[in-house]
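What follows is one structure encoded as structure tokens, with my remarks underneath.
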Amino acid sequence: MTSVVIVGSGFTGFECARNLAKKLRRQDADVDISIISPVDYMLYTPLLPDVAGGLVDARFVAIPLANTLRGVQAIRGRVDGVDFDARTVTYVDPEQRARVLPWDRLVLTPGSVTRLFDVPGLAEHARGLKSTAEALYLRDHVLEQLELADVDDDQGRAAARRTIVVVGASYSGTELAVQLRALADAAAKSMSFAPEDVKFLLLDMADQVMPEVGDKLGAAAQRVLKSRGIEVRLGVTLKEVHAEHVVLSDGSLVRTHTVAWVTGVTGAPLIEQLGLPTEKGRLKVTTELEVPGYPGVFGAGDAAAVPDVTQPGKITPPTAQHATRQGKVLARNVAASLGIGKAKTYKHRNMGLVVDLGPRYAVANPLNVQLSGFPAKVVTRAYHIYAIPRFVNRWAVALAYLTDVFFERSVVSFGLSSSEDARFSASEGIPMPRAD
Ligand SMILES: Cc1cc2nc3c(=O)[nH]c(=O)nc-3n(C[C@H](O)[C@H](O)[C@H](O)COP(=O)(O)OP(=O)(O)OC[C@H]3O[C@@H](n4cnc5c(N)ncnc54)[C@H](O)[C@@H]3O)c2cc1C
């Protein structure tokens, strides 16, 4: 029997598996589809800031593979090698056993991981926002620090516990800062301290907040951040990270126990391991999402440098919008390689972005229409509820949003994700050659 192996269950792998299974079912084709991933779900990452802010439960943003991918075998494991001659992948299962799987068509969609820089102490003391472990850790850690600050006799240390540094003022870092702010405000109300005692610092090397949404909406976002008590420092990043303070690139020292690093992504480590040609750390593929010179091997999503045919010479940015659409084209082109239908070129124009900026505010530019404030908030929430690929999850997220309209956020930390679980190495699988 012919077998298709899909590596990674993110937006791209999930859409590819779902659409391919549907196409093959219709043709009654004798093809096995497997999807290998370290997790048994597809993570709806755009709502991770909401998880970190305690607004939405982590389960609501995880789409289970088990009952959504009919006709696809989901395998838990992390792929660590591909033999292109023997046509096999090797992977390590959750019990650390090495396993081998043969393939006739291979789809490489392992996504991306947080881009780390050589900043001393970064991997040890900072945490990212790419996984549920990281989002849950940030929520719990912020609350724990606020609770500890409440009973700390040392004024300086209490202030450090109440200082949160977020690095990266693109849309995900900005969304994280506003959601953590809303969580801290809820904690202040429940625990009876002044919300302004909690200081937020949002840093970025760029000279603008959220360059993705343009000057006008970026400026609007910056005003909202200021009104929410989030200090934005541009042209600055981290020079050193320590357990109880950071040193910024301008030489200033900030006492803090919480550093979130959300400065962008790079291709999954697997891509480099494979030794295939790359561009900017992403797998080189054709406009039909095939790896050149490797018949039957496909790639797309954040892990791949997909040529943007709408802007010759450029590659598509790492967004869910592209990843989802590329997953569908992958399904079509893999099916075509099996003799079902015709392959097509990937072509998609950017449809705009929606950015949730916390209570009653958002900015959005759907189809280039610039929106801010409450109308953007409605569009943003409606978009996410529509885009989540499973009814039960949509329902649960919608209810969480409704609950937030009428009630205060719950100020509870379960401690299910420890500081160790949320390390870049443990939660994202980034190899750490040194002390991490
Ligand atoms: C906090 C945050 C907010 C975002 N918000 C938005 C937004 O609002 N709009 C938007 O368009 N985009 C957004 N993005 C970007 C979007 O999440 C990505 O572009 C999208 O997830 C890419 O999909 P993907 O399938 O290529 O990769 P991923 O979603 O990263 O999925 C990769 C999958 O591969 C698995 N994997 C990794 N390595 C291996 C391996 N070796 N073996 C097997 N499996 C492996 C992973 O576990 C995962 O299941 C956001 C991202 C983040 C982190």
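Read the numbers this way: they start at 1 and go in the same order the structure lists the ligands and their atoms. Just so you know, residue 1 is the first one in the sequence shown, and it goes up from there.
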> Is the backbone of K328 close enough, under 3.5 Å, to the side chain of N19 for a donor and an acceptor to pair up by distance?
Replying inline: no

> Judged by atom type as modelled, is there a donor-acceptor pair below 3.5 Å linking the side chain of R282 to the main-chain atoms of A304?
Replying inline: yes

How close do [X] and [Y] get, heavy atom to heavy atom, and via which atoms?
X: A426; Y: D421; answer: CB-O, 3.7 Å
X: R87; Y: D104; answer: NH1-O, 2.7 Å
X: L180; Y: I164; answer: CD1-CG2, 4.2 Å

Below a 4.0 angstrom heavy-atom separation, can you tell me which part of [X], side chain or backbone, both or neither, approaches ligand 1?
X: V262; value: neither
X: Y91; value: neither
X: L176; value: neither

Closer than 4.0 Å to some heavy atom of [X] - which atoms of ligand 1 meet that?
X: V7; result: 42 (N), 43 (C)
X: G301; result: 26 (O)
X: T109; result: 32 (C), 33 (C), 34 (O)
X: P318; result: 15 (C), 19 (O)
X: Q321; result: 11 (O)
X: V79; result: 40 (C), 41 (N), 42 (N), 43 (C)
X: I36; result: 43 (C), 44 (N)
X: S112; result: 30 (O)

Using a 3.5 Å cut-off on N or O atoms only, is [X] in polar contact with ligand 1?
X: A320; value: yes
X: V354; value: no
X: A323; value: no
X: T45; value: yes
X: S172; value: no
X: T12; value: yes
X: G77; value: no
X: K130; value: yes

Among all protein heavy atoms in this structure, tell me which lies nearest to [atom], with the distance rounded to 0.1 Å.
atom: atom 34 (O) of ligand 1; result: G8 CA, 3.1 Å
atom: atom 29 (O) of ligand 1; result: G10 CA, 3.6 Å
atom: atom 5 (N) of ligand 1; result: Y171 CE1, 3.2 Å
atom: atom 53 (C) of ligand 1; result: L129 O, 3.3 Å

[atom2] on [Y] to [atom1] on [X], rounded to 0.5 Å:
X: D57; Y: D50; atom1: CG; atom2: CG; value: 12.0 Å
X: R127; Y: L122; atom1: CZ; atom2: CG; value: 9.5 Å
X: W261; Y: R115; atom1: CH2; atom2: CZ; value: 9.0 Å

> Considering only heavy atoms, which of G352, G111, G168, A300 lies nearest to atom 28 (P) of ligand 1?
Replying inline: G111

>> Within the structure, is a non-hydrogen atom of P38 found at a distance of less than 4.0 Å from ligand 1?
In response: yes

> Could a heavy atom of Y41 be found less than 4.0 Å from some atom of ligand 1?
Replying inline: no

Should [X] and [Y] count as an ion pair when the cut-off is N to O under 4.0 Å?
X: D404; Y: R409; result: yes
X: K314; Y: D308; result: no
X: D40; Y: R76; result: yes

Does one side chain, of [X] or [Y], offer a donor that lies under 3.5 Å from an acceptor on the other?
X: E212; Y: T319; value: no
X: T258; Y: Q145; value: no
X: T88; Y: D83; value: no

>> Parallel, tilted or perpendicular: which one describes the rings of H141 and Y137, with boundaries at 30° and 60°?
In response: parallel

